[in-house]
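Lettering follows sequence order; numbering is per chain, from 1. As the structure is a computational prediction, the values presented were derived from the model and not from experiment.
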Amino acid sequence: MPELPEVETVVRSLAARLKDRRIVAASFTSRFVTPGNRKRLASILTGRTIRSIARRGKFIVMTLDQGTLVVHLGMTGKLLIDGVSTPHTHGVFTLDDGVLLYNDPRQFGRIEADSRRVQKLGPEPLEIGLEEFTKRLRSRKSHVKPLLLNQKFLAGLGNIYVDEALFGAGIHPLATASRLTAARAARLHQSIRDVLTLAIEHRGSSTSDYVDAHGQRGNFQILHRVYGREGEPCVNCGTPIRKIVAGGRGTHFCPKCQKR
DNA sequence: CTTAATGTTCCCCA
DNA sequence: TTGGGGAACATTAA
């Protein structure tokens, strides 16, 4: 479900309902989503008031009157306001007004009361300036696709938006980061901003089961230009979109428009 | 039955 | 230390 635009949409859809709500009870059932002492986590959160909710990279960060609640949605995590409990509900936050559920079939997500993982993140892609972005690219010899997936390099991009951003910039996913010209680095910087901004406007991509906190799907998937379009014609040149594996992930690109 | 899926982390090797 | 490849983690759908 979750890359930067999806997490941003979830945060926006949660904000008004969660601000100043008190957690009157919490319970957790997954040893993967909530590693360690689940009862202790529940007791830490019980009685706390949610002061604010924000996104950092792909993390949802709730600032409490005491401490912090950090949620990562993994691949299939959902936070649902007043949702219905299912066999995949692994977290229940009973609020003074309503209930917040955490559903996650694959259990790759995490619910934690500390922000150590958030502090290791690289810069926000919508905030970093061109100069700093170019400098960071130049210092890395890796292929550009796995580099953009690295959350320490840049926080928030995932498999869909890296493929879309590289297409927008005309850069091959296996291009070497340090060898990109200044002009191509600038195109990439702008392309990342454009694709993320547009995806947020369209409330994220629902390629399979992503929904926001009210169960509403996103619409950006219909505007994908390469992701999930293997064999279909490139929107620019008509060449069939190719799919390879890069950085261990399915990677979609136009072999004619994207140069190494 | 096999494969792939919006993610992260760890391990092995160069 | 950097970087690539693969596996692991759980589950579902094609």
Would you kindly give the [atom1]-to-[atom2] distance between [X] and [N], to the nearest whole Å?
X: A:D209; N: C:dA10; atom1: CG; atom2: P; answer: 19 Å
X: A:M75; N: B:dA4; atom1: CE; atom2: P; answer: 13 Å
X: A:K145; N: C:dG5; atom1: NZ; atom2: C1'; answer: 15 Å
X: A:H72; N: B:dG7; atom1: NE2; atom2: C1'; answer: 6 Å
X: A:K78; N: C:dT11; atom1: NZ; atom2: C1'; answer: 12 Å
X: A:L174; N: C:dG3; atom1: CG; atom2: P; answer: 15 Å
X: A:F32; N: C:dA8; atom1: CZ; atom2: C1'; answer: 11 Å
X: A:E230; N: B:dT3; atom1: CD; atom2: P; answer: 16 Å

If only side-chain N and O atoms of [X] are considered, is one of them under 4.0 Å from the OP1 or OP2 phosphate oxygen of [N]?
X: A:R249; N: B:dA4; answer: no
X: A:Q107; N: C:dT11; answer: yes
X: A:H88; N: C:dT12; answer: yes
X: A:Q151; N: B:dT8; answer: yes
X: A:K152; N: B:dT8; answer: no

(request) Could you tell me whether C:dA10 is syn or anti, where syn means a glycosidic angle within 90 degrees of zero? (result) syn
From [options], pick the nucleotide closest to the side chain of [X]?
X: A:H143; options: C:dA10, B:dG7, C:dG4; value: C:dG4
X: A:P146; options: B:dG7, C:dG3, C:dG4; value: C:dG4
X: A:R106; options: B:dT8, C:dA10, C:dG4; value: C:dA10

For [X], report the nucleic acid contact type (base, sugar-phosphate, nothing); a contact means any heavy atom under 4.0 Å.
X: A:K243; value: sugar-phosphate
X: A:G248; value: nothing
X: A:R140; value: sugar-phosphate
X: A:S142; value: sugar-phosphate

(request) Any strand is fair game: report the nucleotide pairing with C:dT12 by Watson-Crick or G-U wobble, both distances under 3.5 Å, or none. (result) B:dA4
(request) Spell out, as yes or no, whether a donor-acceptor pair under 3.5 Å connects the side chain of A:K78 to the backbone of A:A213. (result) no
(request) Report yes if the ring of A:F108 lies under 5.5 Å from the six-membered base ring of C:dC9 with planes under 30°, and no otherwise. (result) yes
(message) Is the distance from the ring center of A:F59 to that of A:H72 below 6.0 Å?
(response) yes
(request) Would you please classify the geometry between the A:F28 ring and the A:F93 ring as parallel, tilted or perpendicular, with 30° and 60° separating the classes? (result) perpendicular
(message) Is there a continuous path of hydrophobic side-chain contacts, each under 4.5 Å between heavy atoms, that joins A:L64 to A:Y102?
(response) yes
(request) For B:dT3 and C:dG6, measure between their P atoms and round to the nearest Å. (result) 14 Å
(request) Using side-chain contact (heavy atoms from CB on, under 4.5 Å) as the criterion, point out the one residue from A:L174, A:I171, A:D163, A:L166 that pairs with A:Q258. (result) A:L166
(message) Pick the closest DNA chain C nucleotide for A:A246 and for A:R110 by heavy atoms, then say which residue is nearer the 5' end.
(response) A:A246
(message) So that I can tick it off, tell me whether A:E3 and A:K58 are bridged by a salt bridge, with the cut-off set at under 4.0 angstrom between side-chain N and carboxylate O.
(response) no
